[in-house]
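The block underneath contains the structure these notes are about, expressed in structure tokens.
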Number of protein chains: 2
Amino acid sequence: MPGEAIEGPRPTQSRAPRTQTRSAASRPTAADVAALAGTSVATVSLVANGKTKGRVGAETVARVTDAIDSLGYVVDHAASALARGTADIAVLIAPDLANPYYGDVVRGVTEVLGDRLQLLLAVASTGVQPSPAVMARLVGLRPAGLLVDAPSQAFLAALPDGPATVLLDAPGADAPGTDDTGAGGAATPRDAVNYDLAPGVDALVDHLADQGHRVVAYLDSSTGTETLALRRRLVAAAADRRGLRLVDGASSVIEVAAATHAFEAAWPGWDDSGATAVVCATDTQAYGVLAAARTLDVRVPDDLAVAGFDDLPSSQVTAPGLTSVALPGAALGRTAAARLLRALGLDPEGAGAAEHPAADDLTARLVVRPSTLAPRG
Amino acid sequence: MPGEAIEGPRPTQSRAPRTQTRSAASRPTAADVAALAGTSVATVSLVANGKTKGRVGAETVARVTDAIDSLGYVVDHAASALARGTADIAVLIAPDLANPYYGDVVRGVTEVLGDRLQLLLAVASTGVQPSPAVMARLVGLRPAGLLVDAPSQAFLAALPDGPATVLLDAPGADAPGTDDTGAGGAATPRDAVNYDLAPGVDALVDHLADQGHRVVAYLDSSTGTETLALRRRLVAAAADRRGLRLVDGASSVIEVAAATHAFEAAWPGWDDSGATAVVCATDTQAYGVLAAARTLDVRVPDDLAVAGFDDLPSSQVTAPGLTSVALPGAALGRTAAARLLRALGLDPEGAGAAEHPAADDLTARLVVRPSTLAPRG
DNA sequence: CTGAAAGCGCTTACAG
DNA sequence: CTGAAAGCGCTTACAG
């Protein structure tokens, strides 16, 4: 029987062994360290934070350090955050962690953050932005910074003003409109790090046009984030340029099963309008299309070419391998993290900026695989 | 040019506009609310925390609520955590968020946590457990609870004792050995929620044996977590029972590319020993095998049957569809979250426990797909 | 039903 | 180079 360990709830504070002194019962405090080292708590604070340069004698530092080690002292972040007004943490807000794509972004962020800031991820329920109540809670933690990935406009408008904030993959947020004559703090532009999507999208549409497709369907995401809306607009613009007709009317959340259903519902109509290719807002949705195509006996790529966005790791092993617009998620994460550190006056230099010279290539690139390789016309 | 919004660093505390009063410059505090509502901060605290039942008059509650709304007051968590000794957050520690599998677990956890506890995810670098330094930081946040998924033994041993902790997918941690005669606090057993892996593993091995396989290779994970070690042991035991020979010697981190390389290196040897099937510790690694098989011109399933663990959403659309031992991640998350709430004296009842009666079915089940469907012998 | 006050554990000017 | 003290914004007994 799994999960049957009956150990009962363990109270947050373990009962103090009766033989010990009062302060040993809970976590050691700076006062405990000070007592043991024979100094003041102020000095302990200095040492614990490495701010001893020219302020604390080497001998004292050693004594305090020993005391810290022997007591296992760790600075209480709640108290520290309160006293300082800010905590050494960065909160990343992303709509959908189930999407493996975010793994790359997170990796990029942590690489650059190093141990300056502890990264914490906040997730709402599937694909949804955190509610204002949750945001209030998060800001209440007094994080030094906020990283917001793929926000919707509504979410941005409701974003609290407190902590330093860097937006990731938030097209539009960094372009304050053409005639932004400072109409008050209405729509604050914020620091944003975005992909350069056009090259990848153009390459995809060119590729489809070159393969002889004339009518292309689009399976949109229904999550309402700006970056996903932009994908669709760019595909439409490129289709226009190449004289392709774009048909849509279908969308789903970013899940395989949901996309399967959306495609099954849309396919008859698309088929009637002569669509021979479908571009999906995400690879995850493209997987759903592949699954549906099998059921419907639609052959890929012979009857229908399928493409997506994200180039997930598994897209190379789907049947057939999936053509996809690859997004450099790790680069996005690194760039955003560096931006945040800089905004906070912490030099990003040490932790990866140098080691990752390609950190700022945010260009989306097309990866062609068999799912679109069946020339026609 | 993406990401070129030059908005400059925004200091955490914006300089106070000279025309405003002191407290209006930063976030409103309980004192501000109290002043506006004409009450004491104590009352504000009571109202803000919903502890007014029989302690604050309806009229007062209304006045304070109005003041809170009009000021946009939100409780400062740092201060609250300090005063209370604990914060309303739960930290989930997982080795590898890039694995979409964790999306399910996270979803399960948040479903049950509701808004009692804000879930925050802490990630170390790829596939690694957080360092003791990071753990100290996390505990310094004074989270009400810790959820630790797929820990290694070493990590568990170093786990601090502070907050209420529930282990997920940590086999062994809940089974304090047969002769645990209380040899001191050496290896504290903890509350753990585990899968029942055996049914799924047995079904997989039975299936392979029934298909006529006699020699089965195992591509292990190199991450050193207990649960992954257990998978291998269970496969070995089942193989033994069915008279199959298990060959191994290959392992990789949980990434497609790494698994590809590991398989390419191991295949000649495995081929020599007559292996006709390979079981992978994770679906992600199985994807790598599928990719390598193409390169090496090994046909799946005709030359080689391939199976994995996790049954990721994309495993139904791989070429060929992947046979996998499915793990009920959401159920694991829900069960662990409920356990944590109970340990904290918060009743899990409201937020999903009732709506999800299947919450405790933690049985792993085999999903058979074409990657293993080629009878031989 | 309500408020004054102590205290949570730090950090940071400010004096020495 | 070091310490005493104020203060960060809450929460919680404790009096009324």
Side-chain angles (χ1 to χ4, degrees), chain A residues 12-13 22-23 25-35 37-64 68 71 73-88 136-137 139-142 144 162, chain B residues 12-13 22-35 37-64 67-68 71 73-88 136-137 139-142 144 162:
Chain A
T12 301
Q13 305 287 343
R22 186 187 124 279
S23 65
S26 45
R27 314 175 21 165
T29 70
D32 298 326
V33 176
T39 64
S40 69
V41 290
T43 301
V44 172
S45 174
L46 259 13
V47 174
N49 291 294
K51 299 184 177 172
T52 60
K53 189 73 184 188
R55 329 252 272 98
V56 186
E59 150 102 8
T60 309
V61 171
R63 235 169 337 116
V64 173
I68 287 177
L71 254 29
Y73 170 72
V74 353
V75 177
D76 182 311
H77 254 64
S80 171
L82 180 57
R84 265 210 272 243
T86 182
D88 285 342
R137 230 178 191 165
V139 171
L141 282 173
R142 292 178 169 275
Chain B
T12 302
Q13 303 288 344
R22 188 187 121 277
S23 65
S26 46
R27 317 176 17 167
T29 69
D32 298 326
V33 175
T39 62
S40 69
V41 291
T43 301
V44 172
S45 174
L46 258 12
V47 174
N49 290 295
K51 298 184 178 174
T52 60
K53 189 72 184 190
R55 329 251 273 97
V56 186
E59 150 102 6
T60 309
V61 170
R63 241 177 323 126
V64 173
I68 287 178
L71 254 30
Y73 170 73
V74 352
V75 177
D76 183 309
H77 253 65
S80 171
L82 180 57
R84 265 209 272 242
T86 180
D88 285 342
R137 230 178 191 167
V139 172
L141 283 173
R142 294 175 167 276

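First the proteins, then the strands, lettered A, B, ... as listed; each starts at 1.
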State, yes or no, whether a side-chain contact exists between B:V139 and A:R27 at a heavy-atom distance under 4.5 Å. yes
Could you tell me how far apart A:L82 (CG) and D:dG7 (C1') are, to the nearest whole angstrom? 9 Å
Do you know which two heavy atoms are closest between A:R55 and A:K51, and how far apart they sit? CG-O, 3.4 Å
N or O in side chain of B:T60 less than 4.0 angstrom from C:dT2 OP1/OP2: yes
Test: salt bridge (Lys or Arg N to Asp or Glu O under 4.0 Å). Region: residues 74-85 of chain B. Which pairs qualify, not counting sequence neighbours? A:R142-B:D76, B:R84-B:D88
For B:S80 against B:V75, the heavy-atom pair lying closest together: CB-CG1, 3.9 Å
When rounded to the nearest 0.5 angstrom, what distance separates NE2 in A:H77 from CG in A:L141? 10.5 Å
Given Watson-Crick or G-U pairs with both distances under 3.5 Å, what dot-bracket string fits DNA chain D, with | for other-strand pairs and [ ] for crossing? |||.||||||||.|||
From A:N49 atom CG to A:L46 atom CG, the distance as rounded to the nearest 0.5 Å: 7.5 Å
Closest contact, heavy atoms only, A:A136 versus B:V74: O-CG2, 3.5 Å
Contact pattern, 5' to 3', of nucleotides 10-16 of chain C - B, S or - by protein heavy atom under 4.0 Å: BBB----
Given A:T29 and A:D32, is the side chain to side chain contact (heavy atoms under 4.5 Å, CB included) satisfied, shown in steps? CA-CA 5 Å; A:T29 70; A:D32 298 326; 3.5 Å; yes
